[in-house]
Amino acid sequence: MFNASLKQLSIQLAGKKISSTELTSEFLKRIKQLNPEYNAFITVNEELSLAQARAADQMIAAGQAGPLTGIPIAQKDIFCAKGWLTTCGSKMLSNFISPYDAGVIERFNQAGAVNIGKTNMDEFAMGSSNETSYYGPVKNPWDHAAVPGGSSGGAACAVAARLACAATGTDTGGSIRQPAALCGISGIKPTYGLVSRYGMIAFASSLDQGGPMAKSAEDLALLLNVMVGFDPRDSTSLQREAEDYARDLQKPLAGLRIGLPKEYFAAGMSNDVASAIEKALDEYRKLGAQTVEISLPNAPLAIPVYYVLAPAEASSNLSRFDGVRYGHRAESYSDLADMYRKSRAQGFGPEVKRRILIGTYVLSHGYYDAYYIKAQKLRRLIAQDFADAYQQCDIIMGPTTPTVAFNLGEKSGDPIQMYLSDIYTSAANLTGMPAMSIPVGFGDKNRPIGLHIIGNYFKEAQMLNVAHQYQLATDWHNQSPV
Ligand code: GLN
């Protein structure tokens, strides 16, 4: 049951082989048993989860079930969920019970899915190792000495350790794909604007995008079918005709042109990662695809550009946490300004403070043109590189991360090294393009390796097809650490 695909579970639920209440109880039991070790969840609320399970059982009995009805799904603690503690991994929101549902949560509720708990994450989604969380680090289920990746580290751990059937994540610079790669699962960041940001606590609004994390591409397709949709409460939400993201899963890959950016196969990638990626590409050639070398000349600038723009937007977004409206407020202070100062000083951790400082600096009068405007121009050039590349190929592949999971504590003292974890992923956020990671083997210390697949805008169905065909031919995605 813990290894079953979403489709298999849905068939079992519809055929009354198991009820959602039973399924949910089994997962809750497993979380109780294993979460103290993994720390993948910040909040578990049996009462709320079981109430949803009972409602799902009624939907099934009434013949109103959809593909996700009754299925336990873990929600990243960045999504506001009514009645649930919603912390965003921060002390600042450690007392915040959300009075409303995020757009994504509403869509899962309407589909009859069960929220099995809120997953641990880097504070305000700033991090690549889950070590900036106020609630402590998450362990990589493949090797407890390793990080799970971040910021959606709890989500990746929960799926890999089979503590949930699937999970949601958010990706501002790589936070769905990087932890998916380091934990050996599949995850997709959709085209910017497809998934509602309403009620998804803002980090860098022009980059933030929610998406699913799961055991397979097929599961991702079913989750996307629920998550994607126009939301008038999100000003950048796209109004498009609904798509079935599973529609092309079975298509053969003959004739597919895979672009391999030479900048992503250069120095920096470790040997174990390089050889796993090469083997995966061989598999694709066997499946009938051809590979072509392409160039993304400005892609190496993605990290510096990202670390100007993301902190700039974060410094503005996080100004709402002032101790007045919600969240942490200092107990003693002398006047209003002192209350702001102390509440923020106590409520935010060191990485969040670093981002606010950088963001405020690059937006300041004297430096705005030199940093912020320059970064915006480079962002445009990076997008142009991808547009040019898609003249020569249908899809782009490379490694998701330069190395396998690093050890807990290994990079926490060196922000630049930590930031470089997203060297291959952040360009897709800057351009808004969809990108995903799928497991393609194991490297050093038997830790998982992810293949990065970048698609052109709105090519999610094609990317899931490309991932699914690989998963039909291989079984990396079926391996579990527990
Ligand atoms: N690791 C990147 C950062 O720290 C990306 C995080 C994310 O995608 N939320 O900002």
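In listed order, ligands and their atoms are each counted from 1. Throughout, numbering of the chain's residues begins at 1 and tracks the sequence. These values consider heavy atoms only, across backbone and side chains, with no hydrogens, waters or symmetry-generated copies.
- Checking each of Arg379, Gln209, Arg177, Lys189 against Asn429 for a side chain to side chain donor-acceptor pair (under 3.5 Å) leaves exactly one that passes, namely Arg177.
- Residues with a heavy atom under 4.0 Å from ligand 1: Ala125, Met126, Gly127, Ser128, Ser151, Asp171, Thr172, Gly173, Gly174, Ser175, Phe203, Tyr306, Tyr307, Arg355, Asp422.
- Ring geometry for His144 versus Tyr38: interplanar angle over 60°, hence perpendicular rather than tilted (30 to 60°).
- Counting only N and O atoms by type, the side chains of Glu263 and Ser295 include a donor and acceptor under 3.5 Å apart.
- The shortest side-chain heavy-atom distance between Pro148 and Pro179 does not fall under the 4.5 Å cut-off.
- Note: Tyr264 and Tyr424 have perpendicular aromatic rings, judged against thresholds of 30 and 60 degrees for the angle between ring planes.
- Below 30°, between 30° and 60°, or above 60°: for Tyr306 and Phe203 the angle between ring planes is above 60°, a perpendicular geometry.
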